[in-house]
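So that the names make sense, note that chain A is the first sequence line, chain B the second, and so on, each numbered from 1. The model shown is predicted, which means the values in this text are computed figures rather than measured ones.
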Amino acid sequence: MSFYTYIEQYHEFDFIKFFSGVTDEAIFRSLAKDTLSSTDFLTLLSPRASEHLEIMAHKAHRLTVQHFGRTIQLFIPLYLSNQCTNQCAYCGFNRNNSIIRNTLSLAQIEEEAVAIAATGMRHVLFLTGESPQHTPISYLTAAAEILKRHFASVSIEIFPLDKADYHLLQQAGVDGMTIFQETYDEQIYRRVHLAGPKMDYRFRLDAPQRGASAGLRAVNIGALLGLSEPRREIFLTGLHGRYLEFTCLDTEVSISLPRFNEAEGNFQPEYRVDNPSFIQFMSALRLFLPRAGITISTRENARFRDRLLYLGATRFSAASSTCVGGYSGSTAQQSQQFEITDNRSVEEVVAAIIANGYQPVFKDWDMIT
Amino acid sequence: MTKDLLHLGNASFSNRLFTGTGKFAANALIPKMLKASGSQMITVAIRRIDSTARSENILNFIPSDVTLLPNTSGARNAEQAVHIARIAREAGCGDFIKIEVITDMKYLMPDNIETLKATEILSREGFTVLPYILPDLPLAKRLESAGAAAVMPLGAPIGSNRGLETQSLIALLIENCTLPVIVDAGIGRPSHAAAAMEMGAAAVLVNTAIATASDPEAMGRAFDLAVRGGRAAFLAELADQSAAARASSPLTGFLYENPSTLVDSPQG
């Protein structure tokens with residue numbers, strides 16, 4: 001069983017025709033439901049539904065408070081390596097970009113862990129490019145074991161693995177994973193992933209399900225908004241989330257809505273998602289998946305992120321550096337994977353969350369081994 | 001008049017509203033809510049406790065006269081629940097343990113089978129075990145034999161605020177179990193809490209409805225009043241309903257009206 005069979009059902013679907021047929025009455029009907037069908041979800045993603053944004057936002061706020069309370073889970077990303085064999089048109093780590101490449105040694109990972117733990121962060125997400133030579137599974141499990149000593153929760157945002165390797169990482173202390181499909185549109189996927197193992201669309205698509213079946217307790221998915229028509233991307237992201245909720249009942253599903261930011265290489269995305277559309281997408285996701293986490297990274301600026309507390313966000317990254325060795329200064333300054341626009345320290349992010357009437361949660365998980 | 005106390009393990013409670021620590025906008029609201037509601041038992045997820053110096057330790061917000069009910073939230077099976085319970089005890093959280101084994105992240109339904117297994121183990125280890133369950137009478141009887149101190153059936157899914165959707169199943173537990181029945185999840189309004197207490201629940205546990213209210217302190221007070229009202233009604237035996245049913249006997253009254261009608265026995 002694969003989510004791919006669900007995507008196939010929409011290969012011929014005429015989204016433009018559907019959207020042009022959406023009426024206000026249909027929008028209100030969908031808004032009134034407790035459990036939304038995929039048609040309701042798509043209705044709320046329509047351009048016409050953007051005229052009812054305030055009502056959607058209120059319901060999204062209410063559902064988020066009901067299921068998550070006035071709390072926000074914090075985590076911090078840690079880049080271990082920018083070595084990469086892939087050629088992704090939009091990414092700063094693209095193998096064709098002439099940037100300083102580095103992979104943290106295990107001793108340097110320890111240094112970074114100490115530097116991050118000193119900020120009070122307890123959940124860490126470690127990231128790499130895709131390079132079996134520089135970051136083989138043995139390196140990743142060793143990294144996880146080090147980080148586990150410093151943090152309550154260790155998650156990964158790395159290349160897709162097979163189930164056995166996910167299980168090895170789980171045994172080493174990893175409890176969650178983030179993997180973005182980047183785009184659900186298979187043709188565009190092929191166009192922007194020009195070389196390297198990442199060209200395999202299906203292997204990436206099924207990765208969260210493999211991770212969950214290998215024992216990871218949380219998966220976070222998303223599409224890089226800008227590569228393809230964003231309403232369709234959000235729709236399929238939501239369906240993917242619901243699919244994972246159904247097939248991996250014991251797994252917590254979260255969704256990210258990464259919007260395009262400038263990276264090295266000056267890639268110009270075909271689509272831009274403006275703030276009202278972003279909030280419409282986020283509200284619609286919340287209504288469709290009331291219990292799913294919604295993760296907001298430092299791609300979003302401080303002012304905007306603080307408003308998203310009220311609109312469905314449940315997880316924030318904080319004090320993010322997208323450089324390898326960016327926290328302890330253990331390596332020479334290098335290129336970022338993408339540009340971050342919320343440059344606040346952990347203290348500043350925490351103070352803003354409290355000032356907005358929310359509780360920052362540093363720890364809500366312990367690995368039981 | 002003897003005091004109406006709820007006995008669980010070695011502790012007694014005069015207040016039958018149990019509360020929780022999750023979902024508050026700030027931990028500082030917790031002691032205020034406890035004071036306003038009079039709640040004497042509060043549950044806390046062991047996975048949320050952080051003793052590192054940098055972040056707030058939630059335990060520091062719970063007054064010493066309130067009993068801690070650590071819970072095993074995050075456990076996916078009996079083994080993990082048992083492990084978490086032992087961690088709680090070692091961390092000085094006392095002998096109470098609320099077993100929460102959830103393998104369904106969509107509706108947060110408890111896994112009754114794993115919960116029973118964990119109860120058997122932890123009761124033997126001397127814990128005061130309060131298992132969170134789907135209301136299932138045969139299971140409740142087995143939990144009773146396994147040494148549970150109470151059963152905690154859900155009224156509706158956690159955080160749903162939908163009230164006593166499982167009312168008739170909870171009624172079976174109350175009627176047939178010697179253990180106290182504490183309604184644990186789904187209570188969204190003080191009226192739901194009152195209804196549970198009227199039915200004969202020994203206590204209710206309310207978290208979301210209090211923690212996410214605009215004013216958790218005032219909502220805590222409201223729930224306290226509702227629980228007291230419902231309990232008082234239960235103790236007063238809600239006499240009216242049964243009295244009304246006894247006032248006339250449409251099906252059997254004829255037996256006493258005209259004895260001669262009994263002479264002709266039914267055909268066949």
Does atom [atom1] of [X] have more than 12 heavy-atom neighbours from other groups under 6.0 Å away?
{"X": "Tyr310(A)", "atom1": "OH", "answer": "yes"}
{"X": "Asn60(B)", "atom1": "CG", "answer": "yes"}
{"X": "Arg142(B)", "atom1": "CZ", "answer": "no"}
{"X": "Ile113(B)", "atom1": "CD1", "answer": "no"}
{"X": "Lys59(A)", "atom1": "NZ", "answer": "yes"}

Would you indicate whether the side-chain heavy atoms of Arg48(B) and Val361(A) approach each other to under 4.5 Å?
->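 Yes, at least one pair of side-chain atoms sits under 4.5 Å.
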Is there side-chain contact between Leu29(B) and Gln359(A), with heavy atoms separated by less than 4.5 Å?
->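 They are not in side-chain contact.
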Euclidean distance, Leu289(A) CG relative to Lys106(B) NZ, rounded to 0.5 Å |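 The NZ atom of Lys106(B) sits 7.5 Å away from the CG atom of Leu289(A).
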With rounding to the nearest 0.5 Å, note down the distance linking CE in Met109(B) to CG in Leu249(A).
->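 The CG atom of Leu249(A) is 10.5 Å from CE of Met109(B), to the nearest 0.5 Å.
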Identify which part of [X] has an atom lying under 4.5 Å from any heavy atom of chain A, answering side chain, backbone, both or neither.
{"X": "Ile49(B)", "answer": "backbone"}
{"X": "Ala213(B)", "answer": "backbone"}
{"X": "Ala45(B)", "answer": "neither"}

Expected output: side-chain Arg76(B) to main-chain Asp250(A) donor-acceptor under 3.5 Å =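 Checking the backbone N and O of Asp250(A) against the side chain of Arg76(B), a donor-acceptor pair under 3.5 Å is found.
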Is Lys23(B) reaching over with its side chain to a backbone N or O of Thr71(A), donor-acceptor style, under 3.5 angstrom?
->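 Not confirmed, Lys23(B) side chain does not pair with Thr71(A) backbone.
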Can you name the residues that form a salt bridge (Lys or Arg N to Asp or Glu O under 4.0 Å) with Glu120(B), not counting sequence neighbours?
->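 Partners of Glu120(B) by the salt bridge (Lys or Arg N to Asp or Glu O under 4.0 Å) criterion come out as none, since no residue qualifies.
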Using non-hydrogen atoms and a 4.5 Å limit, figure out which bit of Val350(A) sits close to chain B: side chain, backbone, both or neither.
->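 No part of it gets close to chain B.
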Heavy-atom pair with the smallest gap, counting every atom of [X] and [Y]:
{"X": "Thr212(B)", "Y": "Val65(A)", "value": "CG2-O, 3.2 Å"}
{"X": "Ala25(B)", "Y": "Gly357(A)", "value": "CB-O, 3.0 Å"}
{"X": "Asp50(B)", "Y": "Phe362(A)", "value": "OD2-CB, 4.5 Å"}
{"X": "Asp364(A)", "Y": "Arg47(B)", "value": "O-CD, 2.8 Å"}

With respect to chain B, which residue among Glu245(A), Arg217(A), Arg291(A), His67(A) yields the maximal number of heavy-atom pairs within a distance under 4.5 Å?
->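 Ranked by heavy-atom pairs under 4.5 Å with chain B, first place is Arg291(A).
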Top of Ala211(B), Ala75(B), Gly159(B) for chain A proximity - count of heavy-atom pairs under 4.5 angstrom |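 Of the options given, most contacts go to Gly159(B).
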